[in-house]
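Notes follow the structure.
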Amino acid sequence: MKPRVRIAPSPTGFLHVGVGRTALYNWLFARRHGGTFIVRSDDTDLERSSDEYAEDILEGLRWLGLDWDEGVEVGGPHEPYRQSLRLDRYREVAEGFLGEGKAYRCFCTPAELEKRREAAMAEGRPPGYDGRCRAIPAEEAAARTDPFSTRFAVPRPGETVFADLVRGEVRIDHGNIDDFVILRSDGSPTYQLASSVDDVDFEITHVVRGEDLLSSTPKHILIGEAMGGPPIAYAHLSLLFGPDGKKLSKRHGDTALRAYRERGILPEAMVNYLALLGWSPGEDETIVPRQVMQDRFDLGAVSRNPAIFDAAKLEWMNGVYIRNLEAADFLERTLPLVEEDLGRELDGAEVARLAGVAPLIQERARLLTEVPEQVRFLFVDEVPYDEASWNKVMKTEGVGEVIASALDRLTVLPEWTTAAIEETLRAMLEEKELSARKGLQPIRVAVSGSSVSPPLFESLESLGRTRTLARLAGVAARL
RNA sequence: GCCCCCAUCGUCCAGCGGUCUAGGACGCCGGCCUUUCAAGCCGGUAACACGGGUUCGAAUCCCGUUGGGGGCACCA
């Protein structure tokens with residue numbers, strides 16, 4: 001049977017990188033086995049849900065290239081794929097349970113429950129529900145008119161044992177699971193109910209999700225069994241943490257996938273990095289093409305260790321992916337960023353100039369967002385001078401002479417090409433007996449505004465003679 | 001408090017009883033290259049948490065300790 005897997009995010013926040021990884025593993029598993037990848041929206045919590053978040057999540061999945069076969073937006077045989085549209089179905093299942101004695105009405109009020117929970121904690125007893133309303137005869141309960149929630153009657157004594165695909169056998173004694181609420185007193189379903197019902201109804205075969213849900217898995221299995229659904233295989237992925245070993249947070253490595261996109265991370269690099277955060281293709285490979293992932297992905301080979309999200313490695317990997325881009329592709333992804341940075345569109349000639357220097361930038365960028373700052377000096381009328389660079393390079397002996405000499409030579413240079421520029425400036429170095437460092441850095445700072453820039457001769461050619469001379473002259477006057 | 005999960009370099013991953021004086025990648029350090037910065041190349045640093053078993057033989061299996069994480073809601 002072809003596997004059917006799903007990712008079921010709640011639109012209560014921007015797409016989390018951990019959810020992104022879980023989605024990727026689901027997608028890889030589906031693609032590897034010719035299965036179906038489903039995206040559904042667990043939006044029962046209408047208070048905290050928003051369209052903005054819902055859109056961000058789908059956008060993030062698309063950005064990662066995780067196309068889904070069924071679900072939100074694309075539809076499918078089990079529509080709708082939004083829990084908020086299936087409320088009647090959950091109620092129907094819960095009522096069925098009630099009729100079969102698999103669930104019961106609980107008349108305890110939230111205040112009472114809270115008080116008992118505190119008391120239990122204080123006495124060192126388990127804080128879960130004590131099951132007292134289970135003793136109320138069904139007819140008596142049905143006749144009552146005060147508000148009630150619906151609780152699942154967990155079989156006890158009992159034990160749920162399942163073979164987790166990444167963790168192996170997991171057994172949990174029902175003594176550790178209370179009779180959990182499946183329908184709130186307002187008739188709305190809890191996550192436990194809605195999610196489990198959907199998994200059965202959508203014919204999910206494998207649930208691949210975060211380890212945070214490991215301990216509630218028995219509840220989901222129990223509901224599935226009560227519905228008479230076929231057994232579902234589970235795989236629990238370890239969680240992701242920030243560099244300090246604590247939860248991923250704004251301070252330590254962003255939680256939102258979009259933050260990385262905005263920072264200039266390529267989706268290909270993100271996918272590669274995320275895939276390797278808990279999984280290995282087998283050999284000691286680091287740069288792994290998506291096709292290879294699809295061919296080799298195996299849940300059984302997924303690591304049980306929690307993983308720390310290491311932005312430094314991601315950025316290194318991003319640099320590798322940037323360098324591997326086709327020149328035209330790099331230009332295409334870069335142009336909008338440059339234009340945004342400049343606050344205007346580039347004209348045809350300028351685009352051609354950008355294309356000319358792009359390969360030089362591509363070689364040294366780790367993030368797409370570094371590109372605009374590296375080429376900015378080529379497209380503005382005046383460059384601001386970086387103070388540290390100026391102080392370091394322009395205040396030494398003989399700088400004025402270098403600038404003046406370069407100005408002379410470049411003014412009369414017959415043709416404005418990289419080769420010609422290099423030739424005359426090197427001749428200048430020789431004539432003045434200067435090291436390249438001594439003689440060229442002042443020109444670099446004068447023209448680019450910084451001691452760090454793309455290669456000099458190419459930069460001058462791209463800048464053009466007029467601007468180059470103007471900048472040199474400006475600096476000469478300022479010295 | 002109770003339940004569950006996890007434990008190899010700072011980080012990610014390899015190792016699934018002998019081939020481990022533990023391998024790869026990032027990072028870090030040093031060198032080469034060099035017009036700056038990168039990139040590239042070369043080299044180095046660095047780990048089997050601890051204690052018991054099992055075994056002729058444990059990083060690999062079992063138990064315990066410690067440490068980390070998750071869960072115990074009318075949140076998802």
Side-chain angles (χ1 to χ4, degrees), chain A residues 8-10 12 42-45 47-49 83 106 108-110 113-114 117 120-129 147-151 164 167 170-173 175-178 180-186 188-192 194-195 210-217 236 238-239 241 243 245-247 273 276-287 303-317 319-320 323 360-366 370 374 389 393 422 425-426 429 435-441 443-445 448 450-457 459:
Chain A
S10 289
T12 53
D42 280 17
D43 61 345
T44 46
D45 186 353
E47 292 288 307
R48 291 195 299 148
S49 297
Q83 295 194 329
C106 170
C108 302
T109 65
L113 293 170
E114 180 61 36
R117 182 170 23 252
M121 290 281 253
E123 291 170 37
R125 286 182 289 116
Y129 181 63
F148 64 89
S149 63
T150 304
R151 288 184 183 272
D164 191 284
R167 268 150 226 286
V170 177
R171 27 188 357 129
I172 294 175
D173 192 285
N176 298 308
I177 307 168
D178 66 350
F180 55 101
V181 171
I182 54 178
L183 229 47
R184 301 187 188 96
S185 49
D186 65 0
S188 67
T190 59
Y191 166 79
Q192 315 292 164
S195 176
E211 194 194 348
D212 51 334
L213 290 164
L214 184 61
S215 354
S216 38
T217 301
H236 288 92
S238 58
L239 271 16
F241 295 96
K246 297 268 189 276
K247 266 179 92 166
Y273 180 71
L276 263 42
L277 210 55
W279 175 70
S280 156
E283 266 124 275
D284 286 333
E285 297 155 284
T286 306
I287 301 299
S303 169
R304 288 176 291 276
N305 299 13
I308 289 175
F309 189 91
D310 181 7
K313 186 162 184 175
L314 203 213
E315 290 182 13
W316 162 80
M317 193 174 275
V320 173
R323 272 168 255 130
L360 304 174
I361 312 296
Q362 188 175 355
E363 237 176 85
R364 57 204 83 219
R366 297 194 136 203
E370 288 168 13
Q374 290 196 45
S389 297
V393 187
E422 173 160 11
L425 290 180
R426 287 207 187 276
L429 294 180
S435 66
R437 182 175 218 109
K438 278 241 166 224
L440 264 25
Q441 276 302 81
I443 301 174
R444 181 188 308 281
V445 172
S448 75
S450 166
S451 59
V452 176
S453 86
L456 185 63
F457 311 124
S459 293

Taking the side chain from [X] and the backbone from [Y], do they hold a donor-acceptor pair closer than 3.5 Å?
X       : Y       : answer
T150(A) : I182(A) : no
R444(A) : P454(A) : yes
D42(A)  : S10(A)  : no
T12(A)  : R48(A)  : no
D164(A) : H236(A) : yes
Y273(A) : A311(A) : no
S389(A) : S451(A) : yes

Provide the distance between the two [atom1] atoms, one in [N] and one in [M], to the nearest whole Å.
N      : M      : atom1 : result
C12(B) : G53(B) : P     : 32 Å
A47(B) : A14(B) : C1'   : 13 Å
A25(B) : G67(B) : C1'   : 27 Å
U8(B)  : U60(B) : P     : 12 Å
C2(B)  : G15(B) : P     : 36 Å
G23(B) : G44(B) : P     : 11 Å
U55(B) : C63(B) : C1'   : 16 Å
C74(B) : G68(B) : P     : 29 Å

What does [X] touch in the nucleic acid at a heavy-atom separation under 4.0 angstrom: a base, only the sugar-phosphate, or nothing?
X       : answer
L113(A) : base
F241(A) : sugar-phosphate
L213(A) : base
G278(A) : sugar-phosphate
P9(A)   : nothing
S280(A) : sugar-phosphate
S185(A) : base
R426(A) : base
S453(A) : base
C106(A) : nothing
S303(A) : sugar-phosphate

Quickly work out the [X] [atom1] to [N] [atom2] distance and round it to whole Å.
X       : N      : atom1 : atom2 : answer
L276(A) : C12(B) : CG    : P     : 13 Å
R364(A) : C37(B) : CZ    : C1'   : 7 Å
D284(A) : C20(B) : CG    : P     : 14 Å
F457(A) : U36(B) : CZ    : C1'   : 11 Å
E285(A) : C26(B) : CD    : P     : 14 Å
E370(A) : A39(B) : CD    : P     : 10 Å
W316(A) : C26(B) : CH2   : P     : 5 Å
E315(A) : A39(B) : CD    : C1'   : 16 Å

Do the side-chain N or O atoms of [X] get closer than 4.0 angstrom to the phosphate oxygens (OP1, OP2) of [N]?
X       : N      : result
R151(A) : C74(B) : yes
T44(A)  : A76(B) : yes
R323(A) : A38(B) : no
R437(A) : U36(B) : yes

Given [options], the nucleotide with the shortest approach to the side chain of [X]:
X       : options                : result
P127(A) : C26(B), G71(B), C72(B) : C72(B)
D178(A) : C74(B), G27(B), A73(B) : A73(B)
L277(A) : C12(B), C74(B), C26(B) : C12(B)
I308(A) : U11(B), U36(B), A76(B) : U11(B)

Separation of R366(A) CZ from R323(A) CZ (nearest 0.5 Å):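 Separation between the atoms: 7.5 Å.
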Pairwise distance OG(S216(A)) to OH(Y191(A)) - rounded to 0.5 angstrom: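 The OG atom of S216(A) sits 6.5 Å away from the OH atom of Y191(A).
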My understanding is that a pair needs two contacts under 3.5 Å, Watson-Crick or G-U wobble. By that rule, which nucleotide pairs with [N]?
N      : value
C16(B) : none
U34(B) : none
U55(B) : none
G67(B) : C6(B)
G43(B) : C29(B)

Residue met sooner reading RNA chain B from 5', once D42(A) and P455(A) are mapped to nucleotides: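 Looking at RNA chain B, the more 5' nearest nucleotide goes with P455(A).
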Contact check, side chains of T44(A) and P189(A), non-hydrogen atoms, under 4.5 Å: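 Yes - at least one pair of side-chain heavy atoms lies under 4.5 Å apart.
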V170(A) side chain near T217(A) side chain, heavy-atom distance below 4.5 Å: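 V170(A) vs T217(A): side chains apart.
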With the criterion being N/O to N/O and under 3.5 Å, what pairs connect the protein with nucleotides 3-7 of chain B, and how long is each?
from, atom 1, to, atom 2, distance (Å)
C5(B), O2', R167(A), NH1, 2.4
C5(B), O2', E211(A), OE2, 3.0
C6(B), O3', N305(A), OD1, 3.4
A7(B), OP1, N305(A), OD1, 3.4

Donor/acceptor link under 3.5 angstrom from Q192(A) side chain onto base of A76(B):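 A donor-acceptor contact between them is present.
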